[in-house]
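What follows is a single structure, written as structure tokens, with notes after it.
Counting starts at 1 for both ligands and their atoms, following the listed order.
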Amino acid sequence: MMSQPAEAVRRSASIVATGAYLPSRVMTNADLEKIIDTSDEWILTRTGIRERRIADEGELTSDMGARAAEQALQQSGIDPKSIDLIIVATCTPDTVFPSTACHIQHKIGATRAAAFDLQAACSGFLYALVTAEQFVAAGAYQTVLVIGAEKLSSIINWQDRNTCVLFGDGAGAVILQHRPGARGLLAYDLGADGAQTEILSLPAGGCRMPITHQVLDERLHFLQMSGKEVYRYAVSAMNRSAENCLEKAGCKPEDLRWIVPHQANFRIIEAVAQRLNVSMEHFIINLDRYGNTSSACLPIALHETSMAGNLKQGDLILMVAFGGGLTWASTVLEW
Ligand code: ACO
């Protein structure tokens, strides 16, 4: 008689290293005042952003992603050749194909790694982290590099004050492995509402609207957003997703040491804090210095918190994001 297969045991997956890279060029609100009709006061009070980083013309998403990855590799002493898989979350890839992950694989010498990009706009990093976790939990891969990297300055319409003040460039990276005895990623919540594709999008450049002279004249190859609608949706979707994820993890908001929210707007973060009834002291915020770097926001914030010595073993961390698609995502992990 054939024996029943033993129930598959999922291995835990932990973040064992972090890295980040920010371009050196700082663009302040005062700099923006010189190119569009805006003011430091408007930007600061509506968003909380003071300045953002802008990559050089020749500095690519893959360059920034590779720098962040190298930092995580150095920090952990992990050999790039031992990386099994690279997932890059980005909506500003170097090229439509090959993937930015392939460019990074070459740049960091991760010759054994499989590599692909994943796109869920600002929720991309958490979508990628959860995807990576599946490979580690299943025992398929030992070491997965997850990167969020963006050169948003390349898709911004610098004549549109509604959007150009909000975004910045940068990259963050984490390495995921099974760490015996650690609980790692405890729960996740991913979601999307494809009925809302029009309120935040980059209309041209895909097969729906190939680049033509007319498209360029109408500036349809740049990001477009209905800020107010996105704002309203962001607050409720982030809150709902965070609550679902906490429930799946069996935690309460008061158990959390840190909440790392998507860094789009200080007022959105305050609204989420109020609804979750968690003090702002528990929220990691760096949007004042970097603006919204889309899929790079969360790994940059996590890395900075780790480098400041503020992540202790056993800390429960909720990450929650929201972006174009519309998409949303949350994870709860134990550090
Ligand atoms: N400087 C000065 N005035 C401005 C600027 C600016 N940079 N931008 C807009 N205004 C004006 C508008 O023209 C409008 O003027 P009007 O009333 O005369 O028409 C006025 O300010 C108010 O504009 P609102 O849109 O009502 O401003 P609001 O308070 O909603 O703030 C903002 C706008 C900051 C964009 C907010 O709606 C927001 O943060 N939305 C969410 C954005 C977001 O989370 N995006 C995440 C997506 S990231 C991704 O997935 C790639």
Side-chain angles (χ1 to χ4, degrees), residues 27-52 61 89-93 117-128 148-171 190-194 196-203 205 221-239 241 261-273 285-288 290-298 300-301 320-329:
M27 183 182 274
T28 63
N29 292 348
D31 295 328
L32 283 165
E33 285 174 358
K34 293 177 199 143
I35 57 172
I36 42 158
D37 179 16
T38 191
S39 65
D40 175 49
E41 197 261 334
W42 191 97
I43 301 170
L44 197 54
T45 53
R46 300 286 177 129
T47 71
I49 300 167
R50 292 177 188 276
E51 58 189 43
R52 69 287 292 143
T61 297
T90 185
C91 51
T92 49
D117 287 0
L118 179 157
Q119 205 275 89
C122 298
S123 312
F125 175 74
L126 292 185
Y127 267 72
E150 300 286 5
K151 187 173 178 177
L152 292 165
S153 60
S154 69
I155 59 163
I156 285 169
N157 178 355
W158 290 100
Q159 295 172 3
D160 177 12
R161 67 177 185 172
N162 291 296
T163 53
C164 76
V165 301
L166 303 173
F167 299 99
D169 301 331
L190 305 179
D193 181 356
Q196 307 296 332
T197 50
E198 302 302 323
I199 65 173
L200 179 51
S201 73
L202 196 155
H221 57 304
F222 292 126
L223 176 151
Q224 295 186 347
M225 179 175 73
S226 309
K228 260 199 196 324
E229 284 176 72
V230 173
Y231 186 103
R232 268 198 299 273
Y233 219 102
V235 173
S236 58
M238 284 172 80
N239 184 60
S241 180
H262 178 47
Q263 308 284 315
N265 185 315
F266 187 73
R267 291 184 297 147
I268 292 178
I269 298 173
E270 271 186 328
V272 170
I285 291 168
N286 62 17
L287 65 83
D288 51 326
Y290 308 137
N292 180 351
T293 57
S294 190
S295 66
C297 285
L298 295 182
I300 293 171
V320 53
F322 174 85
L326 296 172
T327 56
W328 54 87

Could you say whether the N/O atoms of [X] and ligand 1 ever approach to under 3.5 Å?
X	answer
His262	no
Arg267	yes
Arg46	yes
Cys91	no
Trp42	yes
Phe322	no
Thr47	no

Main chain of [Y], side chain of [X]: is a donor-acceptor contact present, judged purely on distance under 3.5 Å?
X	Y	result
Ser241	Ala237	no
Arg161	Asp37	yes
Arg267	Arg46	yes
Thr61	Pro93	no

Can you sort out which atoms of ligand 1 are near [X], meaning under 4.0 Å from one of its heavy atoms?
X	value
Ala121	50 (O)
Gly323	50 (O)
Asn292	46 (C), 48 (S)
Val165	7 (N)
Gly324	50 (O)
Leu200	47 (C), 49 (C), 50 (O)

[atom] - nearest protein heavy atom and its distance:
atom	result
atom 50 (O) of ligand 1	Cys122 SG, 2.8 Å
atom 1 (N) of ligand 1	Thr38 OG1, 2.6 Å
atom 45 (N) of ligand 1	Met225 SD, 3.4 Å
atom 7 (N) of ligand 1	Arg161 O, 2.9 Å
atom 44 (O) of ligand 1	Ala264 CB, 3.3 Å
atom 39 (O) of ligand 1	Asn265 ND2, 2.6 Å
atom 40 (N) of ligand 1	Gly227 O, 3.0 Å
atom 24 (P) of ligand 1	Lys228 NZ, 3.8 Å

Over all atoms of both residues, closest heavy-atom pair of Thr47 and Ile43: OG1-O, 2.5 Å

Any donor-acceptor N or O pair under 3.5 Å, side chains Glu150, Thr293: no

Exercise: do Ser201 and Gln224 side chains pair donor with acceptor under 3.5 Å: no

Phe167 touching ligand 1 at heavy-atom level, < 4.0 angstrom: yes

Side chain to side chain donor-acceptor pair (under 3.5 Å) between Ser236 and Asn239, intermediate numbers included: CA-CA 5 Å; Ser236 58; Asn239 184 60; over 6 Å; no

Side chain proximity check, Ile269 to Leu287, heavy atoms < 4.5 angstrom: yes

Side-chain heavy atoms of Leu32 within contact of Arg52, under 4.5 Å: yes

Is [atom] touching the protein, meaning some protein heavy atom lies under 4.0 Å away?
atom	value
atom 48 (S) of ligand 1	yes
atom 19 (O) of ligand 1	no
atom 14 (C) of ligand 1	no

Interatomic spacing from OG1 in Thr92 to CD in Gln119 - rounded to 0.5 Å: 9.5 Å

Side chain to side chain contact (heavy atoms under 4.5 Å, CB included) between Leu223 and Phe167, worked out: CA-CA 11 Å; Leu223 176 151; Phe167 299 99; 3.9 Å; yes

